[in-house]
Amino acid sequence: MTAHPVTLHVCLACRAADDDDISRAGARLHAFLADRLEGRGDIRLSGVDCLSVCKRPVTVAFAAPDKWTYVAADAADPDEVIAAAELYAESDDGRVPWRERPPLLKSGLVARIPPQPETRR
């Protein structure tokens, strides 16, 4: 059985205090991550319009089928974001043990959302 790739959502609307409307911290983080993650099959990058955590830019979310979803703010270090995504990908159910979490998944954690039940039609 092949694991599903992790989707790394990055809020494109997030802006740092000194950003203008043209250059926003979220869009810059997304661009940097796009370069770093190019060719990787384990992490899929997704830019989103807004994750509604405006007071703590930049916000990211880690999601995968049958896993808990993590929403984290204050994502300033792209290497830490990638490390967090890798830890999340390695977990069976999305829950990363507290001692193993980088600061982004400790002090930056905004929410942990349970896996969605499979829907049948």
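Along the sequence shown, the residues carry numbers beginning at 1.
Counting only residues at least two apart or on different chains, the salt bridge (charged side-chain N to carboxylate O under 4.0 Å, His left out) pairs with a member in residues 25-34 are D19-R28. Within the structure, no pair that satisfies the salt bridge (charged side-chain N to carboxylate O under 4.0 Å, His left out) test touches residues 98-114, not counting sequence neighbours. Legend: side-chain hydrogen bond (donor to acceptor under 3.5 Å, both in side chains) pairs involving residues 74-83, not counting sequence neighbours, sorted by first then second residue: R36-D79, R56-D74.
Listed here is the closest heavy atom pair of G41 and P5: O-CB, 3.3 Å. When all heavy atoms of A85 and I43 are compared, the pair lying nearest together is CB-CD1, 3.7 Å. Listed here is the closest heavy atom pair of K55 and P57: C-CD, 3.5 Å. A pairwise comparison of heavy atoms in R24 and C14 identifies CB-O, 3.3 Å as the closest pair.
Of the inter-residue distances, the one linking T7 atom OG1 with F62 atom CZ reads 11.5 Å to the nearest 0.5 angstrom. The structure places OG of S23 at 10.5 Å from CZ of R15, a figure rounded to the nearest 0.5 Å. One finds the CG atom of L104 at 10.5 Å from the CG atom of L87 (value rounded to the nearest 0.5 Å).
With hydrophobic clusters built from ILVMFWY side chains whose heavy atoms lie under 4.5 angstrom apart, L109 does not share a cluster with W68. A chain of hydrophobic side-chain contacts below 4.5 Å, direct or via other Ile, Leu, Val, Met, Phe, Trp or Tyr residues, connects V10 to L37. Tracing side-chain contacts under 4.5 Å through hydrophobic residues (I, L, V, M, F, W, Y), one never reaches L51 starting from V6; they form parts of separate clusters.
Within the 4.5 Å cutoff, side-chain heavy atoms of I82 are placed close to those of L33. Inter-residue side-chain proximity for L105 and Y70 is flagged as met; some heavy-atom pair is nearer than 4.5 Å. The shortest side-chain heavy-atom distance between L8 and R44 does not fall under the 4.5 Å cut-off. The closest side-chain heavy-atom distance from R40 to E86 is below 4.5 Å.
Other residues, nucleotides and ligands contribute only 12 or fewer heavy atoms inside 6.0 Å of the CG atom of D49.
A donor-acceptor contact shorter than 3.5 Å links the side chain of Y88 to the backbone of A64. K67 places a side-chain N or O within 3.5 Å of a backbone atom of A89 that can act as its donor or acceptor partner.
D35 pairs by the side-chain hydrogen bond (donor to acceptor under 3.5 Å, both in side chains) definition with nothing, not counting sequence neighbours. By the side-chain hydrogen bond (donor to acceptor under 3.5 Å, both in side chains) test, S107 is found to be paired with no residue, residues two or more places apart in sequence or in another chain being considered.
Counting Ile, Leu, Val, Met, Phe, Trp and Tyr side chains that sit under 4.5 Å apart, directly or through other members, I113 shares a hydrophobic cluster with V53, V71, V110.
The residue from T59, V60, V48, T69 that alone fulfils the side chain to side chain contact (heavy atoms under 4.5 Å, CB included) condition with H9 is V48.
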